[in-house]
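We use all heavy atoms of the structure for the numbers below, so side chains are in, but hydrogens, waters and symmetry mates are not. Computed from a prediction, not measured in an experiment: that's the story for all the values here.
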Amino acid sequence: MNFFTRRITVLRMDLDFFRHSIESALAPLVPDGAVRGLVSEPPPPKVDRGGGSGKARRSSGQRVKLADLSVPCFRLTRAFEGMKPPAIAVHLLTGLAGPPAGFSDVVANGPYLNFFYDPAVLAEKVLEGEIEPAADTGLTILVEYSSPNIAKPFHIGHLRTTILGECLARMLEHQGHTVVRINHLGDWGVQTGFQILAWRRWGRDAELERGGIRYLCDLYVRINAEAEDDPSLADQARALFRSLEEGDASVREDWRRFVDITLEELGRSYGRLGVGFDRYDGESSYETMIPGVLEELDESGMLYESEGARVVDVEGLEEPCILVKSDGATIYQTRDVAAALFRWKTWPGFSRCLYVVAANQEFHFRQVFGVFDRMRPDGAGRLRHVKFGMVRDAAGDIFSTRGGASARLDDILDEARDRALDLVREKSGPLQDEMAVAEAVGCAALAYEFLRRSPNRDLRFVFEEASRPDGDTGPYLQYTHARCCSIINECGGMPAGPWDPSLLDGPEEVEVLKALLRLPSAVGRSADHGSDAYDTSTFTSALMELARSFGSFYTASGDAGSGQRYRYPVRDAGPELRASRLRLVDSVRRALAWGLHLLTIQAPERM
RNA sequence: GCGCCCGUAGCUCAACCGGAUAGAGCAUCGGCCUUCUAAGCCGAGGGUUCCGCGUUCGAGUCGCGGCGGGCGCGCCA
């Protein structure tokens, strides 16, 4: 059992209603559409240290909100020649003669023209939103991610590409693009030779059956350790890889077996993460295409010999790209070029092919993209390296593949689940599916830890910190979702009748509504093939703002500024207020379920 | 040496096109549960945004120069 939301859906809202309202109200007052794109959100409310008793800020108004939306008048100085920004603000305010549709107030504050939502209109526009699938854009985007090496251990660092890639894929899909998920398995090359060499020296069938990937990794670590002292082992490994490429039957048999075992086990682990691929096109699958690629390069005159190797010049790089080593074998650049050509042929006219791979591969991809761009000018520029920083451990060291730690993806997920299980048992009441919940919470902790950060920077991963239940974490989002479910449950489900948006006029309610309103556009700022933004943290923080605003709303509603405290602000609120609050709770619930799905995180209804 | 990335609170990270008082979380301190999830909420302290110069009405954000860290620079992947 798991709690993944089934279908990708989109919260559809009349998003731009408020911005358009301001723009069209100002349009007659400003020459040639200069207001377009000027509407922006001010900084969040700040505590006024000037006074206040410090009690019940809801009623004391201690927090000062600058505005909900504002128009900075600096950039209108050209349109209003000779006027200073504050004067422009006043001028526009006078011309408006009252707040535009959807707003309850408009004021001039220095150089800013500030607008305040009419809470009832805001509530109506936001909460009447429907959930429906995104429209098809007709564009195809390929996303290559995860791509583990079958010989080497899958360490924490691989989780970053796996989760980041899946999340970007979902976000792009959400925006109506056709996404093809590709796992470019590292199942070819000299390291495969090492793998086979180790197997032939020490391998035992029974152990392989029992240990699976873990056993293969142990062998790989061992052969690498011995190769430190015995350089001839590397020669043997290279020779084995060459015979693999040349089609030696017995070598190929061993290799096939390792690939199958790895794929089977990996597939189960991916399932736990909600990650799934359309294609497992490993490096080996381009083997047969390589002669054709080299032939084409040769005929076009791009390929030439340099120090025994065969290379191609790349624009903007001083060093050419090696495609055939001096021993006649291929190199991973060769296979990546072949893969790119294959993809261009298989999905002709794709608008992007994203490579979600660590930043230290940047030079490699510049070479590969450079060769591709020369060979397929009509597809040039569509290959993009979505790079991200190294993952380091608590001591600041990079997770090593050669080191003894033979972690499998499953081991990492198990640890996350076990840590979560302790919390579930400690914090929740008895749950009949506590293992499934623990699994969901554990994976959420992991996924969120990667998605909350901008990809550029290196990242320090500490299990203790990632699996913390509170604060800026995946489990907090899940918890908020579960609370929403619980509230609706306690009220006996959603009422069918009408609801009154004007009852949702408190400052906390408005903040929740604003957080909801921001959400859909945040997806586009996180993943957009047009601007080539691929940064999940933008959406992640928008979703977190929603959850936090809900927490404040929920507590504040139980307070009601009266001093009288009642603990069931929804159920005990009286029929009208209850219906309205339920409406808000339900929208938050749906938005969280949807947002968590985009983040590859499950949304249990209880935890 | 050259190229790319990064430098923001004690720690981990944010900050949409350059916009108002640089925000969260953790940690610390102080409040809030008999009743729908306290895995929560409210508050306090904590900043020369690495340094300098420049661009402009305005710079954490853009440019140049430093300093510090990371990664990469042909037959591994």
Just grab all the salt bridge (Lys or Arg N to Asp or Glu O under 4.0 Å) pairs involving residues 441-451 of chain A, residues at least two apart or on different chains.
A:Glu449-A:Arg452, A:Glu449-A:Arg453
If the condition is side chain to side chain donor-acceptor pair (under 3.5 Å), which residues does A:Glu287 pass it with, not counting sequence neighbours?
A:Arg252
List in numerical order all residues of residues 474-485 of chain A for which some heavy atom is under 4.0 Å away from an atom belonging to RNA chain B.
A:Tyr476, A:Tyr479, A:Ala482, A:Arg483
For A:Asp586, all residues meeting side chain to side chain donor-acceptor pair (under 3.5 Å), sequence neighbours excluded:
A:Arg589, A:Arg590
Mind checking ring-ring contact (aromatic ring centres under 6.0 Å, His included) for A:Phe369 and listing every partner two or more places apart, or none if nothing turns up?
A:Tyr355, A:Phe365
Please report the distance separating the C1' of B:rG43 from the corresponding atom of B:rA24, rounded so that it comes out in whole Å.
16 Å
Where does B:rC33 land, syn or anti, given syn is within 90° of 0?
syn
Protein proximity profile, nucleotides 4-12 of chain B - base contact B, sugar-phosphate-only contact S, no contact -, cut-off 4.0 Å on heavy atoms
SSSSB---B
Contacts of type ring-ring contact (aromatic ring centres under 6.0 Å, His included), residue A:His184, not counting sequence neighbours
A:Tyr286
Quick one: side chain to side chain contact (heavy atoms under 4.5 Å, CB included) partners of A:Asn456, sequence neighbours excluded?
none
Can you name the residues that form a ring-ring contact (aromatic ring centres under 6.0 Å, His included) with A:Phe241, not counting sequence neighbours?
A:Trp188
Find every protein N or O atom lying less than 3.5 Å from an N or O atom of nucleotides 15-18 of chain B, and list the pairs.
from   : atom 1 : to      : atom 2 : distance (Å)
B:rC17 : N4     : A:Gly37 : O      : 2.8

Going by the rule ring-ring contact (aromatic ring centres under 6.0 Å, His included), which residues pair with A:Tyr448 if we only count those two or more places apart in sequence or in a different chain?
none
Reading nucleotides 72-77 of chain B from the 5' end, what letters show protein touch, with B for base, S for backbone sugar-phosphate only, - for no heavy atom under 4.0 Å?
S-BBSB
